[in-house]
Structure formats: structure tokens, C-alpha cells
Amino acid sequence: MSKLPTRPLTIVNGRLVLPTGLADQAEPVPGALRIIGDRIAEVGAVTPGPDDDIHDAKGALIAPGLVDLGVFAIDLPAFHFGGISRAALMPDQNPALDHPARVRFAAYSGKPDFWVHPLAAATRDLAGSEMAEIGLMQEAGARAVATGRRWIVDTGVMHRLMQYCAMLDLPLIVHSQDHGLSGNAVATAGEMATRLGLPQAPAEAESIAIARDLALVRMTGARVHFRQVTTRAGLALIRAAKAEGLTVTAGITPAHLFLSDVALGGFRTFARLSPPLRCEDDRQAAIEAVGDGTIDVIASGHDPRGPEDKRLPFADSQPGMAGAETLLPLSLGLVRDGVIGTQRLFDLIAANPARILGVEAGALRCGFEADVVLVDADRPWQVDSAKMAASAGNTPFDKLPVQGRCVALFKGGRLVDQIKG
Amino acid sequence: MTASENLSVRRPASDYPPGRAAFPHRHLLGIAGLQPWEIEFLLDEAEQWVDMNRQASKHDDRLAGLTLINAFFENSTRTLLSFEIAGKRLGADVVNMHAAQSSVKKGETLIDTAVTLNAMRADAIVIRHASSGAVQLIADKVGCPVLNAGDGTHEHPTQALLDALTIRRRKGKIAGLRVAICGDILHSRVARSNMICLSTLGAEVRVAGPPALMPPAVESMGGTPCRNFAQALDGADVVMMLRLQNERMQGQFIPSPREFRHLYGLTDARLAMARPDALVMHPGPMNRGIEIDSHIADNVERSGITDQVEMGVAMRMACLDVLTRRARGVEGWA
């Protein structure tokens, strides 16, 4: 643990990534950032004070530290590698985050170099039947409630849950897969699943689940975040719900933006995800939805899994990918492809998740927590499953050449990670 | 045997590329990815073993000294027996490993089991497993040829090859035939391998089954989906019935077995929709009185079911011979 900063810090010679709406231009502007204590003090044409520590960004992007909405493990080396300074921890832990004491423990588990925002389990043991003590968990530090990896089958339970979350003004993060249709499926219905002989479920399992939950949002006024919306039909429902004025947001992971179910070929279990990878048309729809603002959040879904979970026959393996290291470079691909601008990208990976969680972070605003990442957006490197910072190398992007690397990460004004050269 | 079996369709060795180029694969994991001439090469290789198996002395020593392990993680009688007989008739030392007796029950992972078999210096491993892709997983970890004896609902390549051999011997050809595959397509690895195999060899393959038991995109494997059984049967040269795989069903796919028979069982009336000389096949074990009526299964003029079992041994002998040629240093294959 490094010493608490006593002198102000000015990061100079960078290009500032400002939140959309605050910036005059869509692309980063040259400038500097001054931090006093653990807060951002000045942004823009800043002159360092005489006693300031100076950090030379050497032309890198000065951006808000990433806020990763929905990870399954606290994996500091991977988060720091990926420029992530805060993550919302899914309640799918062992035991589940369904008790105030566990929430409180999780909230402290990364400090001071990393902040964990525990997501309270919506139901006891995530079983989907009895509501957990959400109010007490909020008191213990939970910033939102989540249904976990599972869909809540019982509509009555979901209705009461939304009413309750609306009362507490806590966002509810949901998983959208109709249980009856998806059953034991491990792949999306289609050519790939049929050829491989894998248990498959129609992509409509997602839109059917979303449709129900949107009806409940209309009834209860709850704030609901659909953690992963991955199909054209599901995204269309979200788009319409937003136009209607419902308080909903939607997220996705880079896997569903850059891979289709073709990646399952050869029974590669690193491509076993939940929800499963979709067809190419759904992937295209997801890219469009990032471009038109239907998708609010891109998260890593970080879920490191060792060989004991992954080196198995496809259907017997566990879903999930180690995504923390690749979140930033893969997302930057959306900028290079012209889907979105750099500042809008950082809305998706920092500002919007922070806003959903209600934390003063995720944007370079005066008074916000000084979580800052310096990014060399062009720096090339290769994803290598054998050499990852994460506690396991289960990435479906193995051997992919990517561009964009976090070169320094500040948490609360302190340098917590830096790469040389 | 019927007269049509005397039709010689076997091609001379000179029709094929020499040596290893005729079948350049290390393993036999599926029919997908095989070229038509590679399939035909295996069928032609099997013919000699059909002949030998009909003689009083059924023995050849070409695999003498080699160890064949049949690792069956899923219950099987006929396939296991077929591979065991095939290995023994070629002179190999055959060891059978049943999952029920193995440390798999003690929690050992599939990979550890595979590494163990490999360390015992098996020269060929035959694997059956209840999960799709399990055989490929093992094949990637061992140094000897691996033969897929059925993995989940993925593929069962030797079954498709023996079915092709049966059809070719009974009908004299495969190209241009109309083949109906009926029943539980969704849970059938046999249907998948057969669709790919027979369409690759030029047959028209029609598939039919209750909607819940029909997977999407069968066209990608060379099958033409039919709306009902009658449409599939119309003018068929071969009618291949599949076993209703109750053990693989999670949830209810059909109301009852007797309703399945009512709609999809092969009865005399249904068989009459096919060509008068249509060949009836079933990979076994049969649910008599459900997907196929007993007297149709037992009618030697129409049914190729016992032929299939006979061809199975010959076909597996051919596969074991061809896949071990490299290790045995056969000229042109080393």
C-alpha cells in the first residue's frame, strides 16, 4: 500500500476524455488534470501548482477509471491491467451475497487500491423464491440489487421485488433468460448448436424474459438494468421501452459484440457464456444498439475459471469468461470502427455504470473521486490465455491482436498501477 | 442374403491417392470434415472384412501386439461388442473400460482419465461418452488414434459408415437414393452422422419427427426437413428409424410413447408409402411397437437391421486397420 498523497498531483501532457454533454467536442482534447487529496480539483487548461507532483501522460488519454458493472470475482491484477478502478460484484458468490455482513465484507475487500460495490442478492441464496434483506444490505453498502446468473421464474416474486427496490430507490440488475425455454441449454438454437449436438434454446428466451420484466417496470416504476441484452428482439424491446420513458438501462459484454456462436466450433469451452453467444445477425444488432444509445453499459462480466471448470466437455463446463483485461482494448475497437466516439465509449464503460450505482466516479468532473486511467489507445498487444494477469486465462479472444492499453491507473489520486516504457 | 448384395461397387485401390493421402486423418471423430472419397475408401476397405467374417476362420494378425482400449463412459452393448470383436479379429489386445467400474465415479476428470489411458500406451482408443465434444477433448490429449463411438448428441461416425455400407451392399449404390430418417432427430447422433455421410455420398436425405424432436438447421448437415412422416416416406428407397431416446429428454417432448407410435411409428400402412423395395433400417436398440412394428423389423426381405450389425464389425475393423497404419509403419502410411 502506497503512502497517502500529501501534495496535489497534476497529470500533464495528456488528452482529456470528458463526459458527453460536458465536452464541446466529441473527441479528447489536450489538457491536464489536477488532483487534490482523493478528489479531482481542476480539469482542462490546468497549470500545476508550485508544490505539485507532476505525472507526464506523454500524450496518452486521461480518462476516468473504468467502472465494471457486474463481475463475478475480485481479481485485482486483472482489473488493474484493464484500467478498472471499481467493480460491482455479482451476488453469485459462495455463499451468496444475501446477508448484510457478507455485503459489508465484500465492500471492503478491495480497498484501498480498488473499490468493490457489492450487488445485493435479490432473493435468499439467489433461489428466486424469498426476498433477501435488501434494505439492510443497502445499509451495509449495497449499491444495487441483482438476481444473479438466474432469471426469477416466479412473476409474483419479481413483482414484489421491483416494488421493494422502487421503494428503496435501488436499481435492480436482472438476468434475462426465460427459464422454461432455456432449460439446460448451453447454446443458442441454430446451425452451430445443431451440428455440435449441444442442448440449445431459441434466442427468444431473452426477449420473452425482457418483455415480462418491462411490464413489471411499467407497474412498479422500478429502475431496472438489464445486464446483458444480446438479441435483436431484446434490444428492440429496450429501445421501445426507453422511448416510452421507462426507467431502464441495458448492458452487454464485448464477447457478444465481437463473437457469434461460430466461436463454439471445436467445442471451445472458453466460448461457453451465459447468455450463450448468438447468431451473427444478433451480433450486428448489438453493435447497432451501441451506436444508437440503446446500450448504456459495456461490462467485462469478469469470471475467471480454471481448468477444473473449463477443461470439460462443452455442456459440462461452467459458463463465463475472464474479461477484465480485454474490456478496454476490445471496446476501443468500437471507436476505431467508427461506431462511437472515444468520449461516448467512456460513458459506456465508466460514467453510466457509476451513475447506475450512484457513485461519484466514472467521469473527470471536479469533486469526483480521482479514479483516473491513462490509456495508450494505439498500443498493440496480443491477448494470450497463458499469460494473463487474471487468476485464470479463460478468454475466447485468445491470440487476438488488440490495440489499447492502460499505462497508468490512479485510485483516489494514488498511483496503483503503471507499466514502463 | 439377397441378390442385390452381389452387386460389386467396390473400387480398385488405384482409384485412390496412394497411401496416407487416401485417409489423412489421425482420428475418426466425426463424419463432418471427411471428403466423399475418404468415406468411400473406408467403405471399400471394409468389404474384405465382410468376406473374412463370413468364413469359418475369422482371423487376421495385422494388429498383433497393439493394445486397443474401449473406453465406454456410457452404457452400450452392441457398439462395445462390435469394437471388441473387430479388434480381436485383427489380432489386437482389446481391453474394455466401463465407466461404472472406473475412477470416473470417484470424481476423476475426463482429461485425467485420458492421460492415464495414454500413459498405458494404448495404440488406439475407442470412446463413447454422454457429452457432445467429449471425444474430441480426449483426442487432443492423447498420442494415439481415437475413434468416436458416440459422443452425446454430436456424432457416431462408425454407425453412419456401417449404415452406408449396408445401403451400398443392399442397393448397389448410395448416390441418387432417397433416404428417410425418422423419429427423435434432436437427440440422435446417428441422425447427424448419417445426414452428413449420406448427403456427402450423393443421397437425398429427408428427415421427419415431432417438432419438439427436430433441431433447427438440419439443412446445414445435408438433410431436408419434412413437415410430416408421410412426406419423408414418399418414394423412399431407405427408411431409417431412430430410437426414441427417453433417457436424453429433459422435460416432455411427446405426450406418450403410444401417441408417438400413432404419429411416427413405422407400420405397414406407412411403409407402403415408400418404394416397394424400400430397405428398413434401425441403429438399435429398438423400442419394438413404438418407433417400429416388430414384424417389419423381423422381415428379412425388407429389414436391413441384422445386416447393419454384421457390417458394423467389418466397418470397425476397417477403421482400426486404417487408423493404425501410420503407427504400424505400413508402406506409404508412415
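Each chain gets a letter, A, B and so on, in the order the sequences are listed, and its residues count up from 1.
- In this structure, no portion of E308(A) lies under 4.5 Å from any heavy atom of chain B.
- What you find for G266(A) and Q136(B) is that their closest heavy atoms are O-NE2, 3.5 Å.
- Atom NE2 of H159(A) sits in a crowded spot, with more than 12 heavy atoms from other residues, nucleotides or ligands closer than 6.0 Å.
- If you take CE on M221(B) and CZ on R195(A), they are separated by 6.5 Å, rounding to the nearest 0.5 Å.
- Across T153(B) and L198(A), no two heavy atoms sit closer than the pair OG1-N, 4.2 Å.
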- [ ] Give the intermediate values and the outcome of side chain to side chain contact (heavy atoms under 4.5 Å, CB included) for residues E191(A) and V218(B).
- [x] CA-CA 7 Å; E191(A) 176 181 341; V218(B) 291; over 6 Å; no

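- Within residues 199-209 of chain B, no residue has any heavy atom closer than 4.5 Å to a heavy atom of chain A.
- Counting heavy-atom neighbours within 6.0 Å of K399(A) NZ, excluding the residue itself, gives a total above 12.
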- [ ] Begin from the C-alpha positions of R192(B) and T194(A) and carry the test side chain to side chain contact (heavy atoms under 4.5 Å, CB included) through to its verdict.
- [x] CA-CA 9 Å; R192(B) 285 175 175 77; T194(A) 295; 4.3 Å; yes

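- In terms of heavy atoms, L110(B) sits closest to P313(A) at CD2-CG, 3.7 Å.
- To the nearest 0.5 Å, atom CZ of residue R311(A) and atom NZ of residue K141(B) are 5.0 Å apart.
- To the nearest 0.5 Å, atoms CG (L196(A)) and CG (D151(B)) are separated by 9.5 Å.
- The distance from the CZ atom of F314(A) to the OG atom of S132(B) is 10.5 Å, given to the nearest 0.5 Å.
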